[in-house]
Amino acid sequence: MAHSDQIVDQVQSLNDIVEVVSAYVPLKRAGRNFKANCPFHQEKTPSFIVNPDKQIFHCFGCGVGGDVFSFLMKYEQMTFPEALKRLAERVHVTLPETRTSPKERSQIERLHQIYVAAADFYHLNLKHPELGKIGRDYLANRQFGEREIDTFHLGFSLPEWRTLYEHLSKKGFEEQELLRSGLIVRSSQGKTYDLFRNRVMFPIFNHHGKVVALGGRVLGNETPKYLNSPETPIFRKRREMYGLYIAKKVIATSEEVRRILIVEGYLDCIRLHTNGFQNAVATLGTSLTPEHVQVLKRYADEAIVLFDGDKAGEQASLRSLDIFLEEGMSVKVLCFPKGFDPDDFIRSKGAQAFGALLKQPQDIFDFKLQALLARYNKSDSLGLLKITSEFLDTFAKIKSPVLADRYLKRLAVTLGVEEGSLRSELVKLKAKQQSFKSGQVERHEIVVNVRKSEPQLEKLFLSLMLHYPPYIRTFLEVFPEFSFTGEKTRELFNLFAQLVRECDENQLSTSKILNRIKDENLKVFASELVMMEWGAQKEDRERFFQELVHALKTQQFAGHLKMLRNQITQAEEAGDQESVLRYMKAYQDLLAQKETT
């Protein structure tokens, strides 16, 4: 549901951009503004500026900018509705209900409440001196203590069958709600009981920091060893990743390449986090999916997949890496020595040794080649075909032609085959795949995107209007027929003109104007204009405005003269003497008018 401009303005006005940004980035006062190293690109000299007067931010290094909504959307990788909701919650503003039915809203909210209550219940169990001893002993044996228990809100489900059911029932949740959550199940005899029993519990937080599911590691001999709560309207295991809520914040503030580490288990992920590698996430007992990678791409540019030494060569491991290539995300591989997983390695060798290992990840090509050469004999005809087939299938998924070309050349040299033969087979494979998808071979067209520069004079006018919105109406009075020629300047001024028609002049403000800009690229352009300085005195502003008016009138006058000269030339070439005389008179009148002004 699109919320009204009044609601957006209210939420924006109550959220001071300096307070919001400083919760993520350490700001330092710099005159009237605040500055910091930009959180969106690597830099040594601060070029990230926050203007408290105009409630905007702008980086002069990478060009990103906007208002408080833009910052949260960029930093937290949120949509506008998500950012609006987060900022509304921050200042205790209740947003109007969305279009989902009251029943659906109620069910989703109740699911969130159930999972929070269950996570808290299990956490208190683990912290209990007697009830949680077996769970704490297991964690202590794995060298996890109070720090990990509290940071990740770990818990323990008792061996009894209905402790969670009874606890949640006392808190007012109905049996049907509990069954819908999946935390309570019903037997074939019609009896209800807890899904999790005698397990160390791991709350699963979504990227907003809300508990949406639970995972449990059994402490006895029951199977399965790891169990997750079922999918619900608030949990899709093909999208969620354990630890992402923490990792995304660390990645966003990193001065290095935006990189994410991917492991298989909860405890591996926790071990990495507590040893300084907080950019780690874990899958939830499933293979990597395209949805996972699509989510990860929002927060990182490169993924490093960590494989246990015993599993690195498995076919499933090789297949999972191709998903990154299909989704256009850079990926590398880190293999542990045989018999080690990330948790074992750090406990045995230490964080420093892991850090050193992390500096030497394998390129996907090298990793896959090593695994396939260990499985197939390249000197054997069948083995050669197997290796070639596997690689061509991978190459067909690479979106970068340069990278695909580089890998193809290396494969030809390694296998001792003609590069041309591999290229021919790759073309055939791509054609076959595309034909399967669309019924015909895709025709590639190169589209050249030519950026048009925005006229400087128009940018100056808009900058002054953004600083002092009353000038919008004045401009319309002085130039009622003027049409901005730049693509962005025209779109921005049309928005200004619409606001003037809809709002009282005294109600216009820089932040209100920015709130009306829906396109983020246009908002970045506007924030760049706002960062221009125009002086603090009213007299200075008026002088600047009059100078711009004079410059624009001069530009218009020169344009009219040029147009008339062209018309005179065209009329002379056509032998149209009547038009020549008419255009000449208009030309002389325009010159005379200029002399009298």
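As a basis for the values below, the full set of heavy atoms in this structure was taken, side chains included, without hydrogen atoms, waters or symmetry mates.
- Side chains of E390 and Y376: a donor-acceptor N/O pair is absent below 3.5 angstrom, by distance only.
- Residues I262 and F324 have side chains in contact (heavy-atom distance under 4.5 Å, counting atoms from C-beta outward).
- For E174, the CD atom counts as loosely surrounded, since its 6.0 Å shell holds 12 or fewer non-hydrogen atoms of other residues, nucleotides or ligands.
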What verdict does the salt bridge (charged side-chain N to carboxylate O under 4.0 Å, His left out) test give for E89 and K85, after you've listed the backbone C-alpha separation in whole Å, the side-chain angles of each residue and the deciding distance to 0.1 Å?
CA-CA 6 Å; E89 291 173 348; K85 186 173 185 294; 2.7 Å; yes

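- We find the CG-CG distance between D308 and D341 to be 5.0 Å, quoted to the nearest 0.5 Å.
- Nearest heavy-atom pair, P342 versus V263, reported as atom, atom and distance to 0.1 Å: CG-CG1, 3.9 Å.
- Contact annotation: the side chain of H207 never approaches that of V295 to less than 4.5 Å [non-hydrogen atoms, C-beta and beyond].
- Taking 4.5 Å as the limit, every side-chain heavy atom of Y193 sits out of range of all side-chain heavy atoms of I184.
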As a quick check of understanding, evaluate ring pair (Phe, Tyr, Trp, His ring centres under 6.0 Å) for F57 and F34, giving each step before the final call.
CA-CA 9 Å; F57 74 95; F34 291 83; over 10 Å; no

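- Seen from the ring of F40, K74 counts as a face-on cation partner, given the 6.0 Å and 45° thresholds.
- With respect to R239 and E231, no salt bridge is recorded, no charged nitrogen being found less than 4.0 Å from a carboxylate O.
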Worked verdict on D150 versus H123 for side-chain contact (heavy atoms from CB on, under 4.5 Å):
CA-CA 9 Å; D150 291 336; H123 183 63; 3.7 Å; yes

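- Partners of Q143 by side chain to side chain donor-acceptor pair (under 3.5 Å), not counting sequence neighbours: none found.
- Looking at D343 and R142, a side-chain N of the basic residue comes within less than 4.0 Å of a carboxylate O on the acidic one, giving a salt bridge.
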Kindly determine whether I134 and N198 satisfy side-chain contact (heavy atoms from CB on, under 4.5 Å), including the steps that lead there.
CA-CA 9 Å; I134 184 175; N198 197 33; 4.1 Å; yes

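- Using bins of under 30°, 30° to 60° and over 60° for the plane-to-plane angle, the ring pair Y226/Y266 lands in the tilted bin.
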Would you sort out whether R238 and E291 count as a salt bridge (charged side-chain N to carboxylate O under 4.0 Å, His left out), showing the intermediate values?
CA-CA 6 Å; R238 291 177 62 84; E291 291 89 337; 3.2 Å; yes

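- Side-chain contact of R110 with Q107: a donor-acceptor pair under 3.5 Å is absent, judged by distance alone.
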Let's go through F277 and F354 carefully: what are the C-alpha distance in whole Å and the side-chain angles of both, what is the deciding distance for ring pair (Phe, Tyr, Trp, His ring centres under 6.0 Å) to 0.1 Å, and is it a yes or a no?
CA-CA 10 Å; F277 306 97; F354 175 76; 4.7 Å; yes

Worked check of side-chain contact (heavy atoms from CB on, under 4.5 Å) between L321 and V305
CA-CA 8 Å; L321 297 175; V305 182; 3.9 Å; yes

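- Judged purely by atom type and a 3.5 angstrom limit, H153 has no side-chain atom pairing as donor or acceptor with the backbone of I204.
- Contacts of D67 classified as salt bridge (charged side-chain N to carboxylate O under 4.0 Å, His left out), with partners at least two apart in sequence or in another chain: K523.
- With rounding to the nearest 0.5 angstrom, the NE2 atom of H167 is 5.5 Å from the CZ atom of F121.
- You'll find the side chain of L284 reaches within 4.5 Å of the side chain of E240, heavy atoms only.
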Could you walk me through whether F156 and Y138 pass ring pair (Phe, Tyr, Trp, His ring centres under 6.0 Å), step by step?
CA-CA 11 Å; F156 177 60; Y138 168 78; 9.9 Å; no

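- For K368 and D322, the salt-bridge test passes: some basic side-chain N is under 4.0 Å from an acidic carboxylate O.
- The shortest distance between side-chain heavy atoms of Y242 and I270 falls below 4.5 Å.
- Between D363 atom CG and L369 atom CG the span is 10.5 Å, to the nearest 0.5 Å.
- Rounding to the nearest 0.5 Å gives a distance of 5.0 Å between CD1 of I114 and CZ of F173.
- For the pair V116/D120, a side-chain contact is recorded, criterion being any heavy-atom separation below 4.5 Å from C-beta on.
- Contact check for L178 versus L164: no side-chain heavy atoms found under the 4.5 Å cut-off.
- Rounded to the nearest 0.5 angstrom, L272 CG and F345 CZ are separated by 11.0 Å.
- A perpendicular orientation is assigned to the rings of H273 and F152, their planes being inclined by more than 60° (bins at 30° and 60°).
- Sorted by first and then second residue, the side chain to side chain donor-acceptor pair (under 3.5 Å) pairs involving residues 351-362 (not counting sequence neighbours) are Q362-Q370.
- Between the side chains of R147 and T274, no donor-acceptor pair of N or O atoms lies under 3.5 Å.
- L27 CG to I49 CD1: the interatomic distance, rounded to the nearest 0.5 Å, is 9.5 Å.
- A salt bridge links K127 with E146: the closest approach of a Lys/Arg side-chain nitrogen to an acidic carboxylate oxygen falls below 4.0 angstrom.
- With contacts defined as side-chain heavy-atom distances shorter than 4.5 Å, the pair F205/L244 does not qualify.
- In the model, N15 has a side-chain atom that pairs as donor or acceptor with a side-chain atom of R90 under 3.5 Å.
- Proximity of a side-chain donor or acceptor of Y115 to a complementary backbone N or O of S181 within less than 3.5 Å is detected.
- Taking the six-membered ring where the residue is Trp, Y122 and F196 present perpendicular rings, their angle passing 60° and hence far from 30°.
- Taking a cutoff of 4.0 Å between a charged side-chain nitrogen and a carboxylate oxygen, K349 and D344 do not qualify as a salt bridge.
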Between F365 and F391, does a ring pair (Phe, Tyr, Trp, His ring centres under 6.0 Å) hold up when you go through it step by step?
CA-CA 9 Å; F365 175 87; F391 265 108; 5.1 Å; yes

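- Using a cutoff of 4.0 Å between basic side-chain nitrogens and carboxylate oxygens, E222 and R199 are not scored as salt-bridged.
- Counting all heavy atoms, side chain and backbone alike, C269 lies closest to A282 at CB-CB, 3.9 Å.
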Working note: L139 + I149, criterion side-chain contact (heavy atoms from CB on, under 4.5 Å); need CA distance, chi angles, decisive distance, verdict.
CA-CA 9 Å; L139 291 171; I149 289 172; 3.9 Å; yes

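- The nearest pair of heavy atoms linking Y75 to P39 is CE1-CB, 3.9 Å.
- For the pair R271 and F144, the distance from NZ or CZ to the six-membered ring centre is under 6.0 Å and the angle to the ring normal is within 45 degrees.
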